[in-house]
There are 2 protein chains.
Amino acid sequence: MTMRVRIEDVAEAAGVSMKTVSRVLNNEPNVSERTRQQVEAAVEKLNYRPLPSARVLAGRKSYLVAMLFDNPSSNYLMEVELGVLDACQAQHYNLMLAPLVYDAKNIVAQVESLIVQSQLDGVVLTPPITDDAGVLKRLDELDIPYASVSAKEANRRIGVIVDEQGAVCAMMAHLVSLGHRRIAHIKGHPAHGASNWRLAGYREALKRAGLRYDRTLVVDGEFSYASGYAATNALLDLKQRPTAIFAANDDMAAGAICAICERGLSVPRDISVCGFDDTPIAHQIYPALTTVRQDTREMGRLAGIELLREIRERSSGSIVDVPYTLQLRRSTGPAPTT
Amino acid sequence: MTMRVRIEDVAEAAGVSMKTVSRVLNNEPNVSERTRQQVEAAVEKLNYRPLPSARVLAGRKSYLVAMLFDNPSSNYLMEVELGVLDACQAQHYNLMLAPLVYDAKNIVAQVESLIVQSQLDGVVLTPPITDDAGVLKRLDELDIPYASVSAKEANRRIGVIVDEQGAVCAMMAHLVSLGHRRIAHIKGHPAHGASNWRLAGYREALKRAGLRYDRTLVVDGEFSYASGYAATNALLDLKQRPTAIFAANDDMAAGAICAICERGLSVPRDISVCGFDDTPIAHQIYPALTTVRQDTREMGRLAGIELLREIRERSSGSIVDVPYTLQLRRSTGPAPTT
DNA sequence: CTGTTAGCGCCTTCAT
DNA sequence: ATGAAGGCGCTAACAG
């Protein structure tokens with residue numbers, strides 16, 4: 001039975017006092033570089049990790065942050081979570097997962113109770129909670145630092161974003177270069193800011209390409225496979241079908257491909273399809289999906305880093321812009337010649 | 001800004017010692033009924049709530065359990081995690097996520113350090129850590145309660161299982177009833193017990209159907225999409241192709257479908273494909289995948305419940321058998337008539 | 001720059 | 001049945 005390694009043991013191993021070890025652990029100033037390295041070596045060697053309860057009890061901080069999310073079963077959130085976890089572990093913070101039931105009626109109360117009961121030092125917000133005015137207001141009132149992942153423009157203070165509108169424009173340009181002129185768009189869930197940006201990018205791209213905006217080609221969706229499937233069936237019933245479909249996320253694009261195949265049509269020969277996110281499903285369907293990749297895990301990590309920075313030193317967290325990349329795969333091809 | 005109410009304040013208000021208040025709070029014996037009521041009244045009046053950190057630091061329990069896992073980006077684990085979270089929240093325990101690098105060399109040390117440093121009250125094990133003899137041995141030595149999700153038979157003490165062999169047999173019977181005689185199997189990752197059960201079920205089913213075991217029809221895989229794709233290409237290169245492919249999980253089945261489509265063949269007209277797990281991808285690919293469904297979230301929840309039961313009262317946790325169901329979808333059909 | 005001395009709020013052990 | 005003293009592991013405040 002191994003005994004727990006305490007700060008005292010690290011101090012002894014490094015030949016310094018407990019307090020000096022504590023300084024190093026908390027990135028406090030007034031430690032010489034040499035001493036810092038000695039302490040870090042000892043921490044590494046003994047594999048020391050501070051006991052959260054003791055820190056909380058002695059100090060004023062809880063070293064606990066939570067990630068707030070709504071729809072728990074999405075690949076997107078899983079990836080973000082792992083990234084946030086990376087950031088927290090690197091700085092010896094604990095991460096609490098807070099699955100919320102996104103119900104406008106009591107969401108604010110849920111959040112407040114969570115923060116007070118658990119003594120949270122800060123929270124990471126994910127869509128669509130990033131854009132709930134009530135939650136944001138209460139967070140400000142409680143003076144709790146928070147970082148948002150892909151918040152709407154108006155709500156951005158600290159966190160990460162991707163230039164989604166630019167990404168959509170770039171993807172649309174690709175479709176246009178393939179000869180497509182009738183390009184449809186399946187919108188995302190209206191509560192998510194991403195839905196707006198992606199739609200904005202779609203319209204912007206049409207304008208740049210000199211194509212007119214045809215509202216019959218823009219249909220509602222809600223980010224789910226089923227909604228993409230339904231939306232595509234509506235598009236296929238049109239007198240004049242689109243030659244390409246840009247779905248606001250991969251799941252809906254997968255649903256679109258299914259609907260197209262079921263009618264005996266071929267992707268991309270008859271209709272090209274592209275998505276957004278580059279979730280695992282993108283390369284696990286046939287044909288592999290052309291999509292926009294955003295590094296969600298990295299986004300989570302950066303959001304975590306900015307949050308912790310803000311917690312450590314107020315007003316020092318910022319917005320980080322994470323680059324996107326186009327993943328051109330088999331689901332897009334030249335427009336059919338009519 | 002009010003000062004925090006401490007146990008001392010309650011003691012004073014009730015006219016007793018701190019320890020007596022503590023006894024009442026923890027339902028310990030040796031408190032007269034009259035005293036108990038006085039204390040409870042004081043607690044109520046002052047709206048006192050014990051501070052978790054202080055409790056953990058002073059006591060021996062941490063109210064913290066961890067879920068150990070290896071491959072973080074799998075739908076399977078995400079679901080299990082949510083289930084475990086359900087169980088923990090219901091009993092006011094905290095869940096810590098422990099992504100491990102499964103490297104036989106230091107996995108035991110990683111686990112030990114995690115447990116000791118974080119003062120874990122128990123852990124939930126997921127495959128393949130469930131079957132790492134070194135880890136299990138050390139867990140027993142440390143006398144740390146643990147619950148396993150789908151452990152190998154020999155390692156089952158507390159946790160949840162599914163009759164995977166029976167499930168595979170049932171699915172195979174379905175294929176046989178569709179007229180298939182040349183049925184291939186893509187094996188799972190060798191370190192996972194599930195791979196063995198599924199292979200065993202495959203052989204068992206062949207025997208029951210009076211079909212001979214043809215080793216050229218059984219190929220290696222490792223649960224990844226890419227491995228399913230590669231394995232299927234090998235099968236399609238055979239002089240005598242299979243008419244059905246049973247992949248040990250859904251990701252590999254998706255890879256199989258892709259490989260088949262790429263050769264211009266059709267699923268299920270030329271070849272039927274089925275998988276295992278019923279992860280989201282199963283109904284997000286075309287054609288929708290016939291597969292075995294196991295309720296992974298429920299499995300996580302039950303594993304959490306059994307673990308907490310064991311923590312509360314030793315030797316009271318047990319093994320729970322979770323039922324499976326066959327999901328018959330479009331990827332399987334009648335065997336082609338030769 | 002570094003070390004010493006007190007606790008943080010609660011539970012444990014050992015008295016009474 | 002109850003209480004007093006001591007410490008859990010860490011950090012804040014104050015020395016040097």
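All values reported here derive from a predicted model rather than from experimental measurement. Basis for what follows: all heavy atoms, side chains included, without hydrogens, waters or symmetry-related copies. Every chain is numbered from 1 and lettered A, B, ... according to where its sequence line falls, protein lines coming before strand lines.
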- Query: Base, sugar-phosphate alone, or nothing: which one does B:Leu51 contact when heavy atoms must sit under 4.0 Å apart?
  - Reply: sugar-phosphate

- Task: Could you check how far CD of A:Glu28 sits from P of D:dC10, rounded to whole Å?
- Result: 14 Å

- Nucleotide nearest B:Leu57 (side chain, heavy atoms from C-beta), chosen from C:dT12, C:dG9, D:dA1: C:dG9

- Query: Taking atom C1' of C:dT4 as reference, at what distance in whole Å does atom CZ of A:Arg23 sit?
  - Reply: 11 Å

- Note on the structure: Of A:Ala58 and A:Gly15, the one whose nearest nucleotide on DNA chain C sits closer to the 5' end is A:Gly15

- Message: Can you tell whether the side chains of B:Arg138 and B:Asp132 come within less than 4.0 Å, N to carboxylate O?
- Response: no

- Query: Whole-Å distance between C:dC10 P and B:Asn26 CG?
  - Reply: 11 Å

- So which nucleotide from D:dA1, D:dG3, C:dG3 ends up closest to the side chain of A:Val16? C:dG3

- Using modelled atom types only, decide if a donor and an acceptor are shared between the side chain of A:Asp121 and the backbone of A:Ser62 within a distance under 3.5 Å. yes

- Length of the CD-C1' vector between A:Glu12 and C:dT4, whole Å: 17 Å

- Item | Other residues, nucleotides, ligands: >12 heavy atoms within 6.0 Å of B:Glu12 CD | no

- Is the shortest distance from a Lys or Arg side-chain nitrogen in B:Lys137 or B:Glu141 to a carboxylate oxygen in the other one below 4.0 Å? yes

- Item | Polar side-chain atom of B:Asp131 near backbone of B:Ala151 as donor-acceptor pair, under 3.5 Å | no

- What nucleic acid atoms does A:Pro50 come within less than 4.0 Å of, heavy atoms only: base, sugar-phosphate, or nothing? sugar-phosphate

- Message: Regarding B:Val56, tell me which of base, sugar-phosphate or nothing describes its non-hydrogen contacts under 4.0 Å with the strands shown.
- Response: nothing

- Message: Any side-chain to backbone donor/acceptor pair from B:Ser316 onto B:Arg309? Under 3.5 Å, distance only.
- Response: yes

- Query: Atom CD of A:Glu8 to atom P of D:dC10: distance rounded to whole Å?
  - Reply: 9 Å

- Item | A:Arg34 atom CZ: more than 12 heavy-atom contacts under 6.0 Å | no

- Estimate the overall bend of the helix from C:dC1-D:dG16 to C:dT16-D:dA1 from the end axes over five pairs each, rounded to 10 degrees. 30°

- When rounded to whole Å, the CE to C1' distance for the pair A:Met18 and D:dA13 reads 14 Å

- Rounding to a whole Å, what distance do you find between B:Gln119:CD and C:dC11:P? 16 Å

- Are there more than 12 heavy atoms of other residues, nucleotides or ligands under 6.0 Å from atom CD of B:Gln89? yes

- Item | Closest nucleotide among C:dC10, C:dT12, D:dT11 to the A:Ile7 side chain | D:dT11

- Message: Taking B:Ala194's backbone N and O only, do any of them form a donor-acceptor pair with B:His192's side chain (distance below 3.5 Å, no angle check)?
- Response: no

- Kindly say if A:Thr20 contacts the phosphate of C:dT2, meaning a side-chain N or O under 4.0 Å from OP1 or OP2. no

- Message: Quick check on D:dT11: is either OP1 or OP2 less than 4.0 Å from any side-chain nitrogen or oxygen of A:Arg55?
- Response: yes

- Query: So, does A:Gln294 use its side chain to make a donor-acceptor pair with the main chain of A:Tyr324 at under 3.5 Å?
  - Reply: no

- Message: Counting only heavy atoms and a strict 4.0 angstrom limit, can you tell me which residues of residues 32-49 of chain A come near DNA chain D?
- Response: A:Tyr48

- A:Arg6 CZ to D:dT11 C1': how many Å, rounded? 16 Å

